[in-house]
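Working notes for the structure below.
In this chain, residues are counted from 1 in sequence order.
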Amino acid sequence: MAQQSSGGGRPKLSEKGLLTPDNCVVALIDHQPQMLFGVSNSDRQGIINSVIAIAKATRVFELPVVLSTVETKSFSGNMWPQLRAVFPGQEPIERSSMNSWDDKNFVAAIEKTGRKKIVLAGLWTETCVALPTVQAIHDGYEVYVIEDCCGDVSQLAHDNAMKRVIQAGAKPVTALSTMLEWQRDWALRGTYDAVMDIVKTHFGAYGVGVEYAYTMVHGLPATKFAEYVVPAAAAAHN
């Protein structure tokens, strides 16, 4: 008989070096307007898309998530509203430090989960990702960096940061690969439809292919998205 996980009656997946919904915590760091403005190594809309995809996946698989922002009022701006919408009841940990691992509240939130694997992403790669990654590994954690949810001021800066964290022992992953690692088995129907919803919404040609298979091969109804409503004009400002 399969062991049950701690969340929602899901079967407990084998680990053997892999990520499961029961052995990791996700940290999303500084996904804020000013930080995204400075990114030039990758498509910025693509970064938003990947971040929201992995955020939704944490809800599907019931993972603990630590959100953090830096200098919200004085420089960086609020966490993206798209991300807030995925975690409507969770306030991000506000910091002044570039390195999240220098912030006692951030470290305490990670420690509180009791998990030693951290799946981490942030802006920018060379500071907000590399610095906490190196120090978390030093403190005995295993870190997986979701590279397509990160970005930096130049390709060189991003590449050097990824080299640095990999040399320190971090594992590079993507939003899609991480979600599929949590799913692992298409026979696990409890999360299958939710995963496919994320795929169809956020993963381009793969998602279009899934929609095609659903409708043209299996004869299922087409996906229905919320009807677009044109926003009403805001009240005039004097």
Side-chain angles (χ1 to χ4, degrees), residues 5 7 10-29 31 39 41-67 82-83 86 113 115-125 128-130 132-133 136-137 141-152 155 158-159 161-211 213:
S5 77
R10 288 180 282 97
K12 187 174 178 63
L13 301 176
S14 65
E15 294 190 26
K16 298 182 180 179
L18 297 182
L19 294 169
T20 80
D22 301 299
N23 70 7
C24 59
V25 53
V26 174
L28 300 176
I29 302 169
H31 290 105
V39 170
N41 73 296
S42 185
D43 175 66
R44 284 171 281 192
Q45 182 60 48
I47 293 173
I48 294 172
N49 193 52
S50 295
V51 170
I52 302 310
I54 199 66
K56 289 180 177 179
T58 67
R59 294 286 307 276
V60 171
F61 292 100
E62 300 177 295
L63 274 86
V65 177
V66 176
L67 305 172
Q82 302 97 314
L83 191 53
V86 182
T113 69
R115 302 186 177 197
K116 300 300 286 186
K117 295 178 187 285
I118 305 172
V119 179
L120 184 149
L123 302 175
W124 300 321
T125 325
C128 303
V129 171
T133 294
I137 291 170
Y141 288 85
E142 188 176 346
V143 181
Y144 297 74
V145 175
I146 318 173
E147 188 168 359
D148 57 344
C149 296
C150 304
D152 217 321
Q155 191 65 56
H158 176 80
D159 289 346
M162 290 305 301
K163 290 175 186 176
R164 184 180 185 185
V165 298
I166 290 168
Q167 288 168 355
K171 284 83 169 172
V173 293
T174 66
L176 180 58
S177 73
T178 301
M179 182 175 70
L180 296 183
E181 197 164 336
W182 291 335
Q183 174 68 27
R184 196 85 63 81
D185 187 342
W186 295 125
L188 300 179
R189 306 302 297 186
T191 49
Y192 177 88
D193 288 330
V195 166
M196 286 297 98
D197 178 71
I198 294 171
V199 167
K200 288 186 286 185
T201 305
H202 295 286
F203 288 111
Y206 179 24
V208 171
V210 168
E211 179 70 14

[X] side chain to [Y] main-chain N or O, any donor-acceptor pair under 3.5 Å?
X: D148; Y: T174; result: no
X: S50; Y: I47; result: no
X: N49; Y: H202; result: yes
X: H158; Y: V39; result: no

Which heavy atom of [X] sits nearest a heavy atom of [Y], and at what distance?
X: V66; Y: V25; result: CG2-CG2, 4.2 Å
X: A136; Y: I118; result: CB-CD1, 4.1 Å
X: V129; Y: T133; result: O-OG1, 2.7 Å
X: A168; Y: I137; result: O-CG2, 3.3 Å
X: D43; Y: G46; result: OD2-N, 2.7 Å
X: K56; Y: T201; result: NZ-CG2, 4.1 Å

Hey, mind stepping through L18 and L13 against side-chain contact (heavy atoms from CB on, under 4.5 Å) and telling me if it holds? CA-CA 9 Å; L18 297 182; L13 301 176; over 6 Å; no
[X] side, atom [atom1]; [Y] side, atom [atom2] - distance, nearest 0.5 Å:
X: W182; Y: N23; atom1: CH2; atom2: CG; value: 10.0 Å
X: E147; Y: I166; atom1: CD; atom2: CD1; value: 7.0 Å
X: D197; Y: T191; atom1: CG; atom2: OG1; value: 12.5 Å
X: I52; Y: C149; atom1: CD1; atom2: SG; value: 9.0 Å
X: K117; Y: E15; atom1: NZ; atom2: CD; value: 6.5 Å
X: L28; Y: L83; atom1: CG; atom2: CG; value: 6.0 Å

Measure the shortest side-chain to side-chain distance between [X] and [Y] over non-hydrogen atoms and say whether it is less than 4.5 angstrom.
X: F61; Y: V195; answer: yes
X: C150; Y: L120; answer: no
X: C24; Y: L63; answer: yes
X: Y144; Y: L19; answer: yes
X: V143; Y: V165; answer: no
X: R184; Y: T20; answer: yes
X: V199; Y: M179; answer: yes
X: V210; Y: F203; answer: no

Can you spot which of K116, R115, K171 makes a side chain to side chain donor-acceptor pair (under 3.5 Å) with E142?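 Output: one option passes, namely K171.
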Under the criterion side-chain contact (heavy atoms from CB on, under 4.5 Å), I'd like the reasoning laid out for L180 against W186: C-alpha separation, chi angles, the key distance, then a yes or no. CA-CA 9 Å; L180 296 183; W186 295 125; 3.7 Å; yes
